[in-house]
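All remarks here apply to the structure that follows.
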Amino acid sequence: MRVTLALIITAVVALGAAWLLWPAPPEPVTDTPPGAPIVTVSLPSSFTNQEQMGQTAFAANCAACHGENGSGRTEMGPPLVHKIYEPSHHADISFERAVEYGVQSHHWTFGNMAAVEGLTKADISGIIAYVRAVQRANGIN
């Protein structure tokens, strides 16, 4: 019994020492500066009037974090031109609620999104129409 207990204690101490002394994994090396686009985005050949208004509102209110045309920005905000945001996973109401109330971070490590003040329902609808048009142009339906 004492031998078994001694072996268990020895194993626990050895594992603890190995865990403490084991080198940490190296930080990933990246040449991508903070704020750089995360994905490459293709634009559709044309936009409807609503999508054009949404493009303007997006540039003024969303691009600082989500990048030009929804491409995302490293260390700042996720790309909206990404399969995660396809309509079957994030319906339009998800975008509306995120703008109106903010949203807890759940797919990315950028942190929580604050509500966006000063946008009308028409602005939000235009932004969503614009984002969906850009998504479709990039194969996200």
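The basis for the numbers below is simple: all heavy atoms, side chains too, and nothing from hydrogens, waters or symmetry mates.
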Hydrophobic cluster membership, F95 vs L119, 4.5 Å side-chain cutoff: yes

Determine, using the 4.5 Å side-chain heavy-atom cutoff (strictly less than), whether I140 and L43 are members of one ILVMFWY cluster. yes

Student check: side-chain heavy atoms of W108 and P79 closer than 4.5 Å: yes

Considering non-hydrogen atoms only, spot the tightest contact between Q50 and A129 and give its length. OE1-CB, 3.6 Å

Can you list the steps and then say if R97 with V103 is a side chain to side chain contact (heavy atoms under 4.5 Å, CB included)? CA-CA 8 Å; R97 293 185 60 79; V103 66; over 6 Å; no

Of all pairs that satisfy salt bridge (Lys or Arg N to Asp or Glu O under 4.0 Å), the ones with a partner from residues 122-141, not counting sequence neighbours: E51-R136, D92-R132

Joint hydrophobic cluster, V99 plus I84, side-chain heavy atoms closer than 4.5 Å: yes

Set of ring pair (Phe, Tyr, Trp, His ring centres under 6.0 Å) partners for H90, sequence neighbours left out: Y85, H106, H107

Pairs meeting criterion ring-ring contact (aromatic ring centres under 6.0 Å, His included) with involvement of residues 121-141, two or more places apart: F47-Y130, F58-Y130

Please round to the nearest 0.5 Å and tell me the distance separating atom SG of C62 and atom CD of Q55. 12.0 Å

Sequence neighbours left out, what passes side-chain contact (heavy atoms from CB on, under 4.5 Å) with S42? Give chain and number order. N138

Would you say that more than 12 heavy atoms from the other residues, nucleotides or ligands in this model lie under 6.0 Å from the CD of E100, or not? yes

Would you say H66's side chain and R73's backbone share a donor-acceptor pair under 3.5 angstrom? no

What donor-acceptor contacts under 3.5 angstrom involve side-chain atoms of residues 110-118, with partners at least two apart or in another chain?
unit_1 : atom_1 : unit_2 : atom_2 : d
N112   : OD1    : S105   : N      : 2.8
N112   : ND2    : Q104   : OE1    : 3.4

Output yes when a side-chain donor or acceptor of Q135 lies under 3.5 Å from a complementary backbone atom of E86, and no otherwise. no

S71 meets the side-chain contact (heavy atoms from CB on, under 4.5 Å) criterion, sequence neighbours left out, with P37, V39, V41

